[in-house]
Asker: 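Encoded as structure tokens, here's the structure I'll be asking about.
Residue numbering restarts at 1 for every chain, and letters A, B, ... go by the order of the sequence lines. Excluded from the calculations below are hydrogen atoms, water molecules and symmetry mates; all remaining heavy atoms, backbone and side chain alike, are included.
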Amino acid sequence: MDNSKKQLISPDAADQLFKITTAVCALLAVAVMTGFFIQLSWSSIPAIKTFGFDFLFSSEWDPVKNLYGALPAIAGTLVTTAIAVIIAVPLSFIVAMFLVETAPPALSNMLSHAIDLLAAIPSIIYGMWGLFIFVPFMQTYVQPFLADTLHLSATPLFAGEYNGFGFLTSGIILAVMILPFICAVMRDVFRMVPPVLKESAFGAGATSWEVTLDITMRYGSRGLLGAIFLGLGRAVGETMAVLFVIGNVQKMPTSLYQAGTTISATLANNFAEAQGVFRSALFELGLILLAISFLIQVLAQFWLNRVSRQMGEK
Amino acid sequence: MIKRGLFYRKTINLAVTAASIMTVGLALLFMGWILYTVFDNGFRCFSWAFFTEPTKPYGIPDGGVANAVLGTIFITLGAVVIGVPPGLLGGIYLAEFAKGSRLGNVIRFSANVMMGIPSIIVGLFVYALMVYTTKSFSGLAGSVALSIIMFPVVLRTTEDMLMMVPDALRESALALGAPRWKATLNIICRAAKTGLMTGVLLAVARVSGETAPLLFTALCSDSWPSGYFTQPTSNLTITITEYATNSPFPEMHARAWGAALIITAAILILNISCRLLFKDSKHGK
């Protein structure tokens with residue numbers, strides 16, 4: 001009894017206070033997320049008023065006349081992301097399969113850590129390595145090989161001059177960057193498949209590729225989809241790695257060898273000089289990027305939650 | 001169902017296994033290539049002056065990156081001070097008060113989504129919030145941007161780590177008559193201490209290499225970071241960007257590599273020590 005007199009507030013009130021404080025902090029996540037949308041929408045109002053819906057479909061980019069269109073940046077973002085995902089998804093899938101099914105545990109553990117470290121390297125390092133090492137490498141070896149040796153220059157995808165910069169190089173660097181992310185999630189999904197299922201398939205004589213294809217992929221399809229969307233989300237918004245190697249020209253992509261731009265590269269490249277409507281147009285580009293990545297993340301979370309709930313029930 | 005011969009199936013299996021080993025090799029090759037380039041080029045420009053002198057204005061071939069190192073440390077520490085406490089407290093809420101509750105799920109969901117929002121968007125947001133309103137770039141704005149990126153990471157790892165503490169510990173603390181807040185802070189958080197520290201350090205490692213959000217907030221400068229609260233503050237990543245892209249001078253490229261090595265080495269050391277720390281604590285139990 002003596003003790004309670006000394007306390008300024010009763011234990012119950014202290015507990016309530018504690019609960020409310022922690023709840024407020026946790027709610028910051030929702031508040032900031034909403035704040036992103038409100039702030040970016042607010043800042044893009046002048047551009048929306050000036051250009052309307054045409055902004056989305058115009059490929060004009062003329063700071064002198066103050067005319068801006070988002071189409072080249074949006075198209076560039078989609079092209080680089082598509083290249084990255086097409087390369088990284090199948091590769092992450094077989095790497096995850098190797099780590100879970102084939103490799104001995106000690107080796108698998110070591111390789112997992114190594115691949116996680118690949119994810120830890122900051123994007124600016126990828127960008128710098130891309131600019132000084134990978135762009136010349138693409139120019140001297142990969143691009144001539146694809147264009148001349150394989151005669152792919154006849155197809156529109158690989159047509160035109162090449163100098164190492166452009167969509168293909170950006171896409172490949174993005175693929176290297178997102179591979180560890182997709183791989184880590186796929187690894188977890190592979191591990192979630194109940195051993196009984198796998199073992200019965202092995203017992204029935206299936207090879208490990210058949211087990212992966214027919215058991216793991218069916219069972220964990222939602223999780224795998226979630227993993228792909230997580231990788232997609234990273235590739236869509238990546239700035240520095242792309243900025244250094246894409247070439248930064250406001251042009252619609254016609255060939256993979258061509259230089260272009262993405263939403264984030266346009267932002268990083270122009271924001272410092274931009275004033276007035278130009279700046280507002282950049283904010284609107286940011287809003288578009290936010291909406292795209294929000295959608296991707298929501299889908300990713302949806303699929304991943306479904307898969308963990310499915311595991312929880314069993 | 002198509003029936004296929006055993007030979008065919010085994011060949012396919014072998015081919016896929018070979019492809020997967022090659023892909024692992026390829027991933028490691030890229031990692032080795034990148035790290036080798038950074039270490040090789042970076043070490044070459046390491047000298048006493050490189051670590052003690054500030055950056056010089058554009059075009060002057062000598063000078064160091066000492067101010068940028070200090071600035072990065074300031075900005076990152078600032079981010080820790082702003083972002084970690086709400087992250088920890090919010091994580092406590094999710095783990096202790098919101099297990100399976102609707103509000104908890106909404107918060108978890110937005111934190112997960114927030115982790116995937118491109119960092120450049122965070123930069124734009126903080127620019128509009130702080131730089132535009134105060135009319136000046138500042139290191140503080142950079143810290144706020146980084147803290148927004150850290151926050152959901154700390155929030156989710158804190159929750160995960162606290163969930164790993166056995167319920168028996170909670171119940172015994174409460175049974176002894178400890179109020180909830182005391183039980184949480186003194187017993188449960190202490191039990192999960194290593195995990196919480198690992199989470200914070202990993203979040204630090206994640207943001208210390210960020211460039212895009214600093215582009216719109218902290219910017220860059222050649223002075224020492226004394227104007228952290230009111231002026232553009234120099235930092236390693238923007239310095240790298242400036243030196244690598246906006247300059248034709250090989251001396252500046254060399255210094256960009258040096259700065260790249262500092263940041264890469266710091267992040268790798270943070271990451272590896274986190275893993276060791278967490279592994280040791282797991283074995284100790």
Asker: Of all residues at least two apart in sequence or in a different chain, which pass the side-chain contact (heavy atoms from CB on, under 4.5 Å) check with A:Asn109?
Answerer: A:His113
Asker: Taking atom OG of A:Ser43 and atom CZ of B:Phe125, what is their separation to the nearest 0.5 Å?
Answerer: 10.0 Å
Asker: Name the member of B:Ala205, B:Ala256, B:Pro152 that forms the most heavy-atom pairs with chain A at distances under 4.5 Å.
Answerer: B:Ala256
Asker: Please lay out, stage by stage, how A:Leu27 and B:Leu103 fare under the test side chain to side chain contact (heavy atoms under 4.5 Å, CB included).
Answerer: CA-CA 9 Å; A:Leu27 278 169; B:Leu103 181 66; 3.9 Å; yes
Asker: So does B:Met163 have more than 12 non-hydrogen atoms from other groups sitting under 6.0 Å from CE?
Answerer: yes
Asker: Are any non-hydrogen side-chain atoms of A:Phe36 and B:Ile148 less than 4.5 angstrom apart?
Answerer: yes
Asker: With heavy-atom distances below 4.5 Å as the criterion, would you say the side chains of A:Trp129 and B:Val38 are in contact?
Answerer: no
Asker: Classify the angle between the aromatic ring planes of B:Phe216 and A:Phe271 as parallel (below 30°), tilted (30 to 60°) or perpendicular (above 60°).
Answerer: tilted
Asker: Within the supplied structure, the quantity of interest is the number of heavy atoms (other residues, nucleotides, ligands) at a distance under 6.0 Å from B:Phe249 CZ; does it exceed 12?
Answerer: yes
Asker: Evaluate the side chain to side chain contact (heavy atoms under 4.5 Å, CB included) criterion for residues A:Leu179 and B:Phe30: first the C-alpha distance (whole Å), next the side-chain angles of each, then the deciding distance (0.1 Å), finally the verdict.
Answerer: CA-CA 11 Å; A:Leu179 187 139; B:Phe30 267 100; over 6 Å; no
Asker: Angle between ring planes, B:Trp257 versus A:Phe132, binned at 30° and 60°: parallel, tilted or perpendicular?
Answerer: tilted
Asker: Does any non-hydrogen side-chain atom of B:Thr17 lie less than 4.5 Å from one of A:Trp209?
Answerer: no
Asker: Among B:Leu26, B:Leu270, B:Thr241, B:Ile272, which has the most heavy-atom pairs under 4.5 Å with chain A?
Answerer: B:Thr241
Asker: Tell me, side chain or backbone of B:Thr37 under 4.5 Å from chain A's heavy atoms, or both, or neither?
Answerer: side chain
Asker: Using non-hydrogen atoms only, which part of B:Arg206 is less than 4.5 Å away from chain A: side chain, backbone, both, or neither?
Answerer: side chain
